[in-house]
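Each remark here refers to the structure printed beneath this line.
Remember, predicted model here, so these are calculated numbers, not experimental data. Counting from 1, the numbers follow the sequence of the chain as shown.
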Amino acid sequence: STLAPLPFSPPLLSPPLTVIMPPMVTPRDKIECLLRTAKSLFVPGVYGLPCSKLWHPENRRCDVAGLQFLSVCSVKAVKIYTALYLLPQLLKQKSVYEGLKKTFPDVIRSATFLTVQCYVTCAAHCVLRRLIGHYRAITVAFIPSAIGSLASIHIEKYHRQEILAIYMASLALECLYEMAVYRGLIPQLKRGEVALFSLSSAVLTHFHRNKEVKVNDTLEWLMSMLLDCKYQDKPSHQKYLVTRMREALTAHLDKLLTTKTSHRKSATCKHEKCCVAHAVDTGINGLVWGTVMQMCLRLFSSGGSLRQVMRLFGQRSDLARASSFVGAYSASVVTLECVLHKAGFKDIAPALSGAVSGLLFAIMPEPSGPVALYFFCRAFQCVYKKLHQDKIIPEIPYDTALLYTVSTAITIHTGVCEPHLMRPSYTAFLNYLTDERYGQLDRQLINVVMKNTVNRETPTL
């Protein structure tokens, strides 16, 4: 006879608990992950994929799309450099007409450089696609941007080539760091930018005070504005607007401090006023210049849009923290130098004061890593020039052009193939320069070519 069904279901026995231990990450695993990533750059991607679907979907013809891209980039480049070069002239109390008249040749030259780079990069992408017949991961953006950078960098003046090379090198280092963290090759360093900036500040302050190596004119001007509070005898209308603002803020305070603390000036100090008055004056000078530099950086990253600059004043907390850091850093450096001079440590005073004052970088609002990387690249440039000047290392021919070419190729490759690792401000700059064409790239097709990047899991440990 058949058994009657039970009125209830018997409880299922739960499987035994198993503890899954995380895999041990060994140096061999990291090397294999790095080799897989490097190998994926040279694996053939997709055959039969035209460049019109990947690079210029708005027009199937490469020549017409290139001309459209050329016209868009040329107009945007003129707007960017007009705003960038006109602002320093306005700070010198010059009229808009005088400023445009003086900066017109520089605007045309820099705009031509940026336009040629954009057009040659686009053309090299299409030419490589037709020559090879298929896409490789390294030919999507890396090689075309390298060709465009190498073809255009010589259009700019040499001192501007150095500025661009250092800026792009800091961007490339940030991209490489984000790639390594994303793939699990290195850990995330918390507040590592503070230590990086402190080290860079020590090197830059040492070279600035001792004049051991001739650095870039822009860097020398920047360090002089922050640390050398000069008292000019020029008429008021010939001074910088920032200088006039600083003198108006400190006129009464300087008289009071100089009268009551004039005996406190050290014999080894080279400044004109007493140490306390000089420190206060330098701090106020840094505070004013910090606000102006924030406006210039926002102007450049926003593509010359004055509307974006005015939004900076809406972010009062970030503006106050950044300006406060510059003012506190300037005052701290000169104060510690005076203290160390009185203590008899004149030789190490610049480097030590720069290192200790660099710890104030923790005041900077996030993200502060790009600023620290930029000054680190500047410090590395000074060390490289010093070693070459002492004939310890040989000079690398075309070092500035090569640095700019490689750095730009890494940055554009990251922005096209792994945009989640790109700095947001530079992403906005590329969108503005290309009239939103950069943001309209087909990421799904790029994902098919790259195998390991957008919308798919990157090889991790």
Distance-minimising heavy-atom pair for Val326 and Gly286 = CG1-O, 3.1 Å
key: Salt-bridge criterion met for Glu418 and Arg183 (N-O under 4.0 Å)   = yes
message = With side-chain contact (heavy atoms from CB on, under 4.5 Å) as the criterion, how do Cys118 and Thr434 come out once you've worked through the C-alpha distance, each side chain's angles and the decisive distance to 0.1 Å?
response = CA-CA 9 Å; Cys118 295; Thr434 60; 5.8 Å; no
inquiry  = Testing the basics here: between Ala349 and Ser353, what is the closest heavy-atom pair and its distance to 0.1 Å?
reply    = O-OG, 2.7 Å
query = At what distance, to the nearest 0.5 angstrom, does CD1 of Ile166 lie from CG of Leu373?
reply = 12.0 Å
query = Stepwise, does the side-chain contact (heavy atoms from CB on, under 4.5 Å) test hold for Phe429 with Ile80?
reply = CA-CA 10 Å; Phe429 172 76; Ile80 291 172; 3.5 Å; yes
query = In terms of heavy-atom contacts, does CZ of Phe142 have more than 12 from other residues, nucleotides or ligands at under 6.0 Å?
reply = yes
For Tyr329, ring-ring contact (aromatic ring centres under 6.0 Å, His included) partners two or more places apart = Phe197, Phe325
task = Could you grab the distance from atom OH of Tyr158 to atom CD of Gln161, nearest 0.5 Å is fine?
result = 7.5 Å
ask   = Is the backbone N or O of Tyr167 less than 3.5 Å from a side-chain atom of Ser170, with the two atoms forming a donor-acceptor pair by type?
value = yes
inquiry  = Using 0.5 Å steps for rounding, measure from the OG1 atom of Thr414 to the CG atom of Leu421.
reply    = 7.0 Å
key: Under the salt bridge (charged side-chain N to carboxylate O under 4.0 Å, His left out) test, residues paired with Asp399 that sit two or more places apart   = none
task = Work out which heavy atom in Pro419 is nearest to a heavy atom in Cys417; give both atom names and the distance.
result = CD-C, 3.5 Å
inquiry  = I'd like to know whether Glu162 forms a salt bridge (charged side-chain N to carboxylate O under 4.0 Å, His left out) with Lys385, so could you lay out the CA-CA distance, the side-chain angles of the two residues, the decisive distance to 0.1 Å, and finally the verdict.
reply    = CA-CA 13 Å; Glu162 287 189 347; Lys385 289 188 175 182; 3.5 Å; yes
task = Taking the side chain as every heavy atom from C-beta outward, state whether Val75 and Lys79 have any pair of such atoms under 4.5 Å apart.
result = yes
inquiry  = Cation-pi check for Tyr432 against Lys76: NZ or CZ below 6.0 Å from the six-membered ring centre and within 45 degrees of the axis, yes or no?
reply    = yes
ask   = Do Tyr438 side-chain atoms and Gly415 backbone N/O form a donor-acceptor pair below 3.5 Å?
value = yes
remark   = Rounded to the nearest 0.5 Å, the CG atom of Asn210 sits from the CG atom of Asp347 at a distance of 8.0 Å
query = Taking C-beta and beyond as the side chain, do Met422 and Glu174 meet within less than 4.5 Å on heavy atoms?
reply = no
message = For a 4.5 angstrom cut-off between non-hydrogen side-chain atoms, does Gln389 reach Tyr384?
response = no
ask   = Using 4.0 Å as the upper bound for N to carboxylate O, is an ion pair formed by Lys342 and Glu337?
value = no
key: Non-hydrogen atoms of Ala279 and Ala331 that approach each other most closely   = O-CB, 3.7 Å
Contact check, side chains of Leu128 and Pro144, non-hydrogen atoms, under 4.5 Å = yes
Close side-chain approach of Val72 and Arg437, heavy atoms under 4.5 Å = yes
query = Is the cationic atom of Arg129 (NZ for Lys, CZ for Arg) positioned less than 6.0 Å from the six-membered ring centroid of Tyr135 and within 45 degrees of its normal?
reply = yes
request  = List the steps, then state whether side-chain contact (heavy atoms from CB on, under 4.5 Å) holds for Cys175 with His413.
outcome  = CA-CA 10 Å; Cys175 293; His413 176 84; over 6 Å; no
request  = Examine distances only and state if a side-chain atom of Arg109 and a backbone atom of Ile155 form a donor-acceptor pair shorter than 3.5 Å.
outcome  = yes
query = Can the ring centres of His154 and Phe113 be said to be less than 6.0 Å apart?
reply = no
task = Find out whether Leu336 and Leu352 are in side-chain contact, i.e. whether some heavy atom of one side chain is under 4.5 Å from a heavy atom of the other.
result = no
query = Just how far is it from atom CG of Leu430 to atom OG1 of Thr411, taken to the nearest 0.5 Å?
reply = 9.5 Å
task = Please examine the side chains of Lys346 and Leu340, heavy atoms only from C-beta on, and report whether any two atoms are closer than 4.5 Å.
result = no
task = Working to the nearest 0.5 Å, report the span between OG of Ser323 and CD1 of Ile363.
result = 11.5 Å
task = Determine, stepwise, if the pair Glu193 / Phe376 fulfils side-chain contact (heavy atoms from CB on, under 4.5 Å).
result = CA-CA 10 Å; Glu193 65 273 9; Phe376 174 75; over 6 Å; no
inquiry  = Listing request: all side chain to side chain donor-acceptor pair (under 3.5 Å) pairs with a residue in residues 110-120, at least two apart in sequence or in separate chains.
reply    = Tyr85-Ser110, Ser110-Glu156, Gln117-Ser149, Gln117-Tyr404
task = List the atom of Arg130, the atom of Cys62, and the distance in Å for their closest heavy-atom pair.
result = NH2-SG, 3.5 Å
ask   = If you take all heavy atoms of Ile412 and Ala141, which pair is closest and at what distance?
value = O-CB, 4.1 Å
query = Are the side chain of Thr408 and the backbone of Thr405 linked by a donor-acceptor contact shorter than 3.5 Å?
reply = no
message = Could you check whether atom CZ of Phe380 has more than 12 heavy atoms from other residues, nucleotides or ligands sitting under 6.0 Å from it?
response = no
message = Does any part of the side chain of Thr400, heavy atoms only, come nearer than 4.5 Å to the side chain of Ile153, both counted from C-beta?
response = no
task = Among Ser332, Ser198, Ser201, find the residue that satisfies the side-chain hydrogen bond (donor to acceptor under 3.5 Å, both in side chains) test when tested with Ser357.
result = Ser332
